[in-house]
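For ligands, and for the atoms within them, numbers begin at 1 and follow the listed sequence.
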Amino acid sequence: VSVEKPQDTWLVAAYACQRRSPLPNNNQLLTDALETLAEEAHFCGHEGRSLAFSRASSVLKALPRTVRRVQELDSLPCLGEHSKRVIQEVLEDGTSAEVETIRQSEKYQAMKLFTKIFGVGVKTAHQWYQEGRRTLDDLRGHPAQLSKEQQAGLIHYEDLNTPVKRADAEAIGQVVREAVNKCLPGASVTLTGGFRRGKPSGHDVDLLITHPVEGQEAGLLKKVIACLDQQGFLLYHSIHRNTFESLEDSDQEPSSHASSMDQYERCFSIFCLGDLPGDAQEGAGAEKPSRVRRTSGASRFWKAVRVDLVVTPYSQFPFALLGWTGSRIFERDLRRFAKREKKMLLNSHTLYHLEQKTWMSAASEKEIFQHLGLEYIPPEERNA
Ligand code: DCP
Ligand code: MG
């Protein structure tokens, strides 16, 4: 009589902020398929459906090895019938007919093309699609209908859709650090977003700026931008004012709307990443002074890179750092966990206890995890 060895089952927590999701992702073929479905649902305005596919994908990113059979997934949370069917198809055939049909569809391709333009969201992309536009040239023909941001996005479309390498992100971080320190000695610049999670490349460079003396950071962003612009680093920039009211000073409760957009003073910019000054090349597209360092590419000696600069008061810095490190699903589940399991509101500024009606301060990310009763997950394991 043989005793059947119980099948190894994976124990995976339901909230992404309770899971460790290191790189690399061992199930990329499956997560790519599920993320296409999530994206398609998002393009159609079906946010709940989109989130369900994103969550299914995220769960697979926590698995320590590649899935071979769909039965291995029985113990996992967040996997609905539809996701499982697609996973099974990909495991058996290497591809899912439903996913391939979406990828080939005219609408998906146009929406993808348009939403990859800096400054274009799903709403605008959809409107253009309805108007019968399909290509970037269809848009270039009507520049007056585009915002300044979108115009810059179109001009630099190819560069901005080429992954940014870590070395380039660090070079830009250093340039910003020098400018920041010239404007305000003692201020710090922290590389966040996907690069802080250890990703080797990303779509942009996310930088947080703060100063240990609260209040010193006021007015800093304008000066830093002027300094960078003067040196020829900026191809485009737009500053957005801080609209976050200090709620601690009022008796108002924070909005329970789980907004993912914070209200720090920030600058959306496009950087010019190129050769060191002095190597300036003649002709061939070297219209812009080049600064950071030489990048590959034969005919041109600079490239455009999206950079977000965000300024935070020191006391809010740990919340900003936690909120800007991501991943998106990790952030979403942190906020959902806080609200549903702990009756607390978390955003990129603060943590508020809804029942005790108190604000919870934190000097580090670790303290925020502690307030939430969560095990600390380092940035490298937040790739949910
Ligand atoms: N973020 C968020 N919700 C948003 C926008 C951003 O929670 N609506 C947070 C989580 C992201 C981080 O900010 O991880 C940075 O945003 P990015 O879009 O730059 O995302 P990543 O840096 O993770 O990805 P990429 O490597 O593509 O830049
Ligand atoms: Mg990023």
Between E375 and R20, is the closest basic N to carboxylate O distance under 4.0 Å? yes
Proximity of H203 to ligand 1 by residue part, where a heavy atom lies under 4.0 Å: both
Show me the donor-acceptor pairs within less than 3.5 Å that the side chains of residues 115-124 make with the rest of the protein, sequence neighbours left out.
from	atom 1	to	atom 2	distance (Å)
T115	OG1	M111	O	2.7
T115	OG1	K112	O	3.4

Under 4.0 Å, heavy atoms only, figure out whether ligand 1 is touched by the backbone of D206, its side chain, both or neither. side chain
Evaluate D204 for polar contact with ligand 1, using N/O atom pairs at a separation under 3.5 Å. yes
Think R134 forms a cation-pi with Y129, using NZ or CZ under 6.0 Å from the six-ring centre and within 45 degrees of its axis? yes
R332 atom CZ: more than 12 heavy-atom contacts under 6.0 Å: no
Going by distance only, is there an N or O of R197 that falls short of 3.5 Å from an N or O of ligand 1? yes
Report yes or no: does G323 have a heavy atom closer than 4.0 Å to ligand 1? yes
Relative to each other, are the rings of F369 and Y376 parallel, tilted or perpendicular (30° and 60° limits)? perpendicular
Between the side chains of T31 and N25, does any donor sit under 3.5 Å from an acceptor? yes
From the candidates G194, A320, P200, the one that places a heavy atom nearest atom 21 (P) of ligand 1: G194
Between R335 and D333, does any side-chain N to carboxylate O distance fall below 4.0 Å? no
Of the side chain and backbone of T325, name the one, both, or neither that has a heavy atom under 4.0 Å from an atom of ligand 1. backbone
If you measure only the distance, is there a donor-acceptor pair under 3.5 Å linking the side chains of H126 and E131? no
What protein N/O/S atoms are found closer than 2.8 Å to the Mg ion (ligand 2)? D204 OD1, D206 OD2
Ignoring hydrogens and geometry beyond distance, is a side-chain donor-acceptor pair present between H211 and E217 at under 3.5 Å? no
Strictly under 4.0 Å, does any heavy atom of R332 approach an atom of ligand 1? no
